[in-house]
Every structure is written in C-alpha cells, then in structure tokens.
Amino acid sequence: MEPERASSLAVEVSVCRDIRAIPSEEWDACACPEETAQGRPVDPFTTHRFLRALEASDSVSAETGWIAFHLVARQQGSVIAVMPVYAKMHSQGEYVFDHAWANAFEQAGGRYYPKLQSAVPFTPVTGRRVLARPGFEEMAFPAMLEALKELTSSNSLSSAHITFCTAAEAQTGKALGMLVRHGIQFHWENRRYRSFEEFLGALTSRKRKNIRRERRLASQCGGDVELLAGDQIKDRHWDVFWEFYQDTGARKWGMPYLTREFFTEMHRTMRNDILLVMCRIGDEHVAGALHFIGRDALYGRYWGCSRFNDCLHFELCYYRAIDYAIEKGMSRVEAGAQGPHKLARGYMATPTFSLHWMEHEGFRLAMARYLEQETRQVELELSAAELAGPFRKDTA
C-alpha cells in the first residue's frame with residue numbers, strides 16, 4: 001500500500017507499520033501527556049503499552065485482518081501527533097457496524113475491503129483519535145485527516161473511518177468534510193454519591209428493589225468477591241480469566257479476538273491499569289470481570305464464568321464497578337457497547353460519535369442521506385431512554 005507519506009501545511013505525516021518502531025516516550029507524549037503530571041492517563045487504551053500489547057501478542061496482525069498503518073505527524077523533525085490507524089480486511093471488532101455499507105458497495109460493483117480504520121481494536125471506548133501534543137491540536141487534526149483521505153485515494157481504498165472519537169473531533173471532522181455517525185452506549189454517572197445506598201436512594205422504588213434483589217441473589221452463590229489490582233494480580237489469575245474469556249468470546253463472536261499472549265503482555269506492562277473482579281468459591285475462581293482504570297473513569301471490558309449463577313454477571317460487571325467508582329471518587333463507569341438492559345441498573349444512555357470518509361462521491365452522498373435518517377432515529381432513542389430512566393423525578 002504505497003505511497004506511505006503525505007503532507008499538509010508545515011506538517012509532514014508518515015506511516016508507521018509497527019508501533020514498536022515508535023519510542024513509547026514520543027507516542028505517550030501525544031497520547032497521554034497528563035500521565036506525567038497526574039500519574040494516570042485519561043484512558044489507557046491509546047497508550048503505547050496497550051497498543052503494543054495488541055501487536056506484540058499477534059492479536060492485531062495481518063493474519064487477524066488488522067494491519068498497522070499508524071500515522072505520525074512531525075514538524076521540523078519533532079513528533080507533534082500520532083494516530084492509531086489500521087488497514088482492515090473485515091469489519092470485525094469495531095462495534096460501529098458497517099456491514100450493510102460493505103454489502104451495498106460490493107453489490108454496486110465496488111471493493112469495500114481493505115479500508116482504513118482509526119480505532120482502538122476491540123475497544124468501544126470514546127477517546128481522542130488524533131493524539132496531539134498539547135498546543136498542536138489545531139495544526140495536527142486537519143493534517144491527519146488530509147493524510148487519511150490522501151492515503152485512501154492514492155491506495156484505491158473504499159473508505160476511511162474514525163470510530164469512537166470525541167464529540168469535539170466529530171464536530172471538527174464534519175467541518176472538514178467527513179460524515180458523522182451517531183450511536184448510543186450506557187454509562188453510569190457519579191453524582192457525588194457517598195455510598196452505593198445513596199445511589200440507590202436516587203432511583204425509583206421499583207428499580208431500587210430490583211437491584212437489591214439481584215445483589216442478594218448474586219451473594220447466594222456461596223463465594224467471595226475479590227477486587228485485584230496492580231501486584232495483587234498474579235499469573236494464575238490470568239490462567240483462569242483466559243478460560244472465562246475464551247468461553248464468552250466463543251459464544252459472542254464465534255472466536256475470541258485476543259490471544260493468550262495478550263494477557264501475558266498486559267500483566268507485564270499494565271497491571272496498574274487493571275481492576276480484576278473475581279468470584280471465588282473455596283479454592284476455585286468461578287467468574288470474573290476485567291476493568292481498566294482511567295484517570296476519572298472505570299472501563300468494563302470482559303466477563304466470563306465457569307459456573308452460572310443468577311445475577312453474578314450484574315454484580316461483578318456493574319455493581320462492583322459502581323462501588324469502586326464511588327470509593328475512588330470517579331465520575332463514571334463505562335460498561336462497554338450496547339446493552340439497553342443497563343438502563344434498569346442505573347446506567348444512562350450516552351451518545352457516541354464516529355467519522356467516515358467514502359472515496360466514491362456517489363456513495364458518499366448516499367451514505368450522507370442514510371446517516372441523516374439514522375441520526376434522527378438515534379435522537380429518538382436517546383429521548384426515549386431518558387424518559388425511561390431509572391431515577392426518581394425529583395433526583396433526575
């Protein structure tokens with residue numbers, strides 16, 4: 001896929017085919033400059049260590065259909081911005097679904113794949129996608145988008161996509177000619193609760209009773225729940241969680257996305273970014289949930305079990321996450337993609353955004369019309385979710 005170089009203004013943008021070729025200090029100075037000052041990144045998913053774990057473990061590779069194509073912006077030889085980008089051979093592991101677009105494009109005689117995708121693989125978490133050093137944001141964003149479009153055109157690709165970008169990026173991208181797509185997730189928001197009971201007190205009586213019932217049922221499994229972070233997490237915990245992850249992945253996606261080596265690499269470099277919530281009965285761990293710790297949010301990612309217990313999933317994935325967020329003074333819990341059932345458990349509908357560029361002008365116009373209709377539907381769903389929210393009217 002050539003050429004591998006594009007430029008805009010005084011900024012030169014090049015392609016890096018392996019994140020390990022970029023020094024972690026240079027990448028993280030763009031991705032998480034706040035880590036140096038505050039000790040923890042806003043979210044860990046665009047850090048060098050997370051993306052490196054994906055590539056080093058072969059979870060992301062040409063064989064899995066994710067070809068690293070990261071953009072690096074330099075000015076006068078210094079790195080001012082980076083952008084995680086992949087040439088994709090399919091639409092798996094993205095959580096912003098474009099299968100219908102691919103079918104329409106190919107039925108019209110086009111070739112949809114490969115496409116360019118700026119994303120964190122397998123991770124539907126909103127965050128910056130153009131990762132610029134502080135002070136270089138206004139210069140870097142248009143340069144990166146121009147490079148993305150140029151690479152799409154010069155390599156005869158169908159499209160370029162930027163998924164789970166921030167609202168500000170969506171607004172700027174729209175002004176630069178990209179199409180905006182809206183979606184919905186469900187997040188828990190901390191309204192300065194001092195305890196889980198205080199949170200429950202803000203809910204309607206019916207929702208409050210249901211959550212208490214679910215927590216009671218979960219507690220009847222006869223096990224103990226352990227919250228493990230940092231050096232409390234041992235290799236043996238990953239051996240067990242890998243089995244949980246494989247079972248869940250096989251049922252949800254057909255095959256798990258992540259290799260066992262990813263968890264080994266993550267244990268080596270990211271223990272301090274992880275909260276592992278495990279349920280143990282005797283000497284056996286029977287269920288677990290993996291969360292990532294951000295500066296002000298907890299991100300739920302994976303869950304699995306070896307023994308079914310009614311409501312244990314809700315306890316480990318949702319309620320223990322809320323407990324942790326309240327204790328640590330975090331502003332929210334993001335529990336992953338989709339899931340209207342989370343509404344009944346105190347998680348509220350939250351908009352998400354993505355940006356899309358279709359190289360073919362006619363297809364781009366058709367997608368613009370489609371997205372206008374889809375956006376209206378998403379707005380209706382957001383309004384309906386707000387009306388159906390679990391909070392008492394006097395606390396909503």
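It should be emphasised that the depicted structure is a prediction, and the values quoted were computed from it without experimental measurement.
Contact annotation: the side chain of Lys209 never approaches that of Glu214 to less than 4.5 Å [non-hydrogen atoms, C-beta and beyond]. Counting heavy atoms from C-beta outward, Asp235 and His267 have side chains that approach closer than 4.5 Å. Looking at Trp188 and Arg345, their side chains never come closer than 4.5 Å, going by heavy atoms from C-beta outward. Looking only at side-chain heavy atoms (C-beta outward), Glu359 and Leu157 stay at 4.5 Å or farther from each other. Under the 4.5 Å side-chain criterion, counting only non-hydrogen atoms from C-beta, Glu12 is not in contact with Gln75. No side-chain heavy atom of Arg208 sits under 4.5 Å from any side-chain heavy atom of Phe199. Contact annotation: the side chain of Ser14 approaches that of Arg74 to within less than 4.5 Å [non-hydrogen atoms, C-beta and beyond]. Using a 4.5 Å heavy-atom cutoff, the side chains of Pro340 and Leu343 are not in contact.
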Run Tyr245 and Trp303 through ring pair (Phe, Tyr, Trp, His ring centres under 6.0 Å) and show every step you take.
CA-CA 7 Å; Tyr245 170 75; Trp303 140 272; over 10 Å; no
Check the pair Trp101 / Tyr370 against side chain to side chain contact (heavy atoms under 4.5 Å, CB included), numbers first and verdict last.
CA-CA 10 Å; Trp101 298 2; Tyr370 169 85; 3.4 Å; yes
Would you sort out whether Met266 and Ile274 count as a side chain to side chain contact (heavy atoms under 4.5 Å, CB included), showing the intermediate values?
CA-CA 9 Å; Met266 196 170 55; Ile274 291 169; 3.5 Å; yes
Ring pair (Phe, Tyr, Trp, His ring centres under 6.0 Å) for Tyr299 and Phe292? Distances and angles first, verdict last.
CA-CA 5 Å; Tyr299 302 93; Phe292 284 85; 8.3 Å; no
Would Phe186 and Met348 satisfy side chain to side chain contact (heavy atoms under 4.5 Å, CB included), going step by step from the backbone distance to the final call?
CA-CA 5 Å; Phe186 292 84; Met348 296 296 290; 6.0 Å; no
Between Val82 and Leu71, is the side chain to side chain contact (heavy atoms under 4.5 Å, CB included) condition met? List the steps.
CA-CA 6 Å; Val82 294; Leu71 298 185; over 6 Å; no
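With no hydrogens or angles considered, no side-chain donor-acceptor pair links Tyr112 and Asn103 at under 3.5 Å. Under 3.5 Å, the side chains of Ser158 and Arg111 contain no donor-acceptor pair of N or O atoms. Side-chain contact check for His70 and Glu55: at least one donor-acceptor pair (N or O, by modelled atom type) lies under 3.5 Å. With no hydrogens or angles considered, a side-chain donor-acceptor pair links Ser91 and Tyr113 at under 3.5 Å. Side-chain contact of Arg260 with Thr264: a donor-acceptor pair under 3.5 Å is present, judged by distance alone. If you check the side chains of Thr259 and Asp58, you find no donor sitting under 3.5 Å from an acceptor. A donor atom on one side chain and an acceptor atom on the other are found under 3.5 Å apart for Ser331 and Asp296. Between the side chains of Tyr347 and Glu189, no donor-acceptor pair of N or O atoms lies under 3.5 Å.
With hydrogens and angles ignored, the 3.5 Å screen pairs a side-chain donor or acceptor of Ser118 with a backbone N or O of Pro84. For His48 (side chain) and Pro23 (main-chain N/O), no donor-acceptor pair under 3.5 Å exists by modelled atom type. Between the side chain of Glu198 and the backbone N or O of Arg194 there is at least one donor-acceptor pair closer than 3.5 Å. Using a distance-only test at 3.5 Å, with no hydrogens or angles considered, no donor-acceptor pair links the side chain of Arg280 to the main chain of His285. The main-chain N or O of Arg216 is found under 3.5 Å from a side-chain atom of Ser219 such that the two form a donor-acceptor pair. Side-chain N or O atoms of Thr123 include one that pairs as donor or acceptor with a backbone N or O of Pro121 at under 3.5 Å. In this structure a side-chain-to-backbone donor-acceptor pair under 3.5 Å is missing from Glu379 to Gln377. In this structure a side-chain-to-backbone donor-acceptor pair under 3.5 Å is present from Ser57 to Leu54. Glu243 contributes no side-chain N or O that, together with a main-chain N or O of Val240, makes up a donor-acceptor pair within less than 3.5 Å. Between the side chain of Asn210 and the backbone N or O of Arg206, no donor-acceptor pair lies under 3.5 Å.
Between Arg212 and Glu197, at least one side-chain nitrogen of the basic residue sits less than 4.0 Å from a carboxylate oxygen of the acidic one, meeting the salt-bridge criterion. We find that Asp43 and Arg295 are not joined by a salt bridge, their nearest charged nitrogen and carboxylate oxygen being 4.0 Å or further apart. The existence of a salt bridge linking Arg332 and Glu334 is confirmed by a sub-4.0 Å separation between a basic side-chain nitrogen and an acidic carboxylate oxygen. Under a 4.0 Å N-O distance rule, the pair Arg128/Glu169 does not qualify as a salt bridge. Salt-bridge formation is detected for the pair Arg268/Glu265: a Lys NZ or Arg NE/NH1/NH2 atom is positioned less than 4.0 Å from an Asp or Glu carboxylate oxygen. The existence of a salt bridge linking Arg40 and Glu34 is excluded, since no basic side-chain nitrogen approaches an acidic carboxylate oxygen closer than 4.0 Å.
In terms of heavy-atom proximity, Lys149 sits nearest to Leu176 at NZ-O, 2.7 Å. Contact between Gly336 and Arg301 at its shortest, heavy atoms only, is CA-NH1, 4.4 Å. In terms of heavy atoms, Asn272 sits closest to Gly230 at OD1-CA, 3.6 Å. Annotation for Asp273 and Arg49: closest pair OD2-NE, 2.9 Å, computed over non-hydrogen atoms. When all heavy atoms of Phe122 and Ser59 are compared, the pair lying nearest together is CZ-O, 3.7 Å. Nearest heavy atoms, Thr64 versus His90: O-NE2, 2.8 Å.
Residues Trp242 and Met270 share a single hydrophobic cluster, defined by chaining ILVMFWY side chains whose heavy atoms lie under 4.5 Å apart. Ile281 and Met278 fall into different hydrophobic clusters, defined by Ile, Leu, Val, Met, Phe, Trp and Tyr side-chain heavy atoms under 4.5 Å apart, directly or through other members. Leu275 and Leu316 fall within the same hydrophobic cluster, where Ile, Leu, Val, Met, Phe, Trp and Tyr residues are linked whenever their side-chain heavy atoms come under 4.5 Å apart, directly or through other members. In the hydrophobic clustering of this structure, Leu151 does not group with Phe363; members are Ile, Leu, Val, Met, Phe, Trp, Tyr whose side-chain heavy atoms approach within less than 4.5 Å, directly or through other members.
Within a 6.0 Å sphere centred on CD of Glu261, heavy atoms belonging to other residues, nucleotides or ligands number more than 12. Counting heavy-atom neighbours within 6.0 Å of Arg213 CZ, excluding the residue itself, gives a total above 12. Within 6.0 Å of atom CD in Gln171, 12 or fewer heavy atoms from other residues, nucleotides or ligands are found, so the atom counts as exposed in its surroundings.
Taking the ring centre of Phe353 as origin, the terminal cationic atom of Arg181 falls outside the region bounded by 6.0 Å and 45° from the ring axis. For the pair Arg364 and Trp357, the cation-pi criterion (under 6.0 Å, within 45° of the ring axis) is fulfilled. Seen from the ring of Phe196, Arg215 counts as a face-on cation partner, given the 6.0 Å and 45° thresholds.
The aromatic rings of His341 and His313 are tilted relative to each other, their planes meeting at an angle between 30° and 60°. Taking the six-membered ring where tryptophan is involved, the planes of Phe105 and His360 are perpendicular, since the angle between them exceeds 60° and thus also 30°. Between Phe263 and Trp238, the two ring planes are tilted [angle within 30° to 60°].
A side chain to side chain contact (heavy atoms under 4.5 Å, CB included) with Ile184 holds for exactly one of Val378, Thr350, Thr352; it is Val378.
Remark: Phe141 CZ to Arg129 CZ distance equals 11.0 Å, nearest 0.5 Å.
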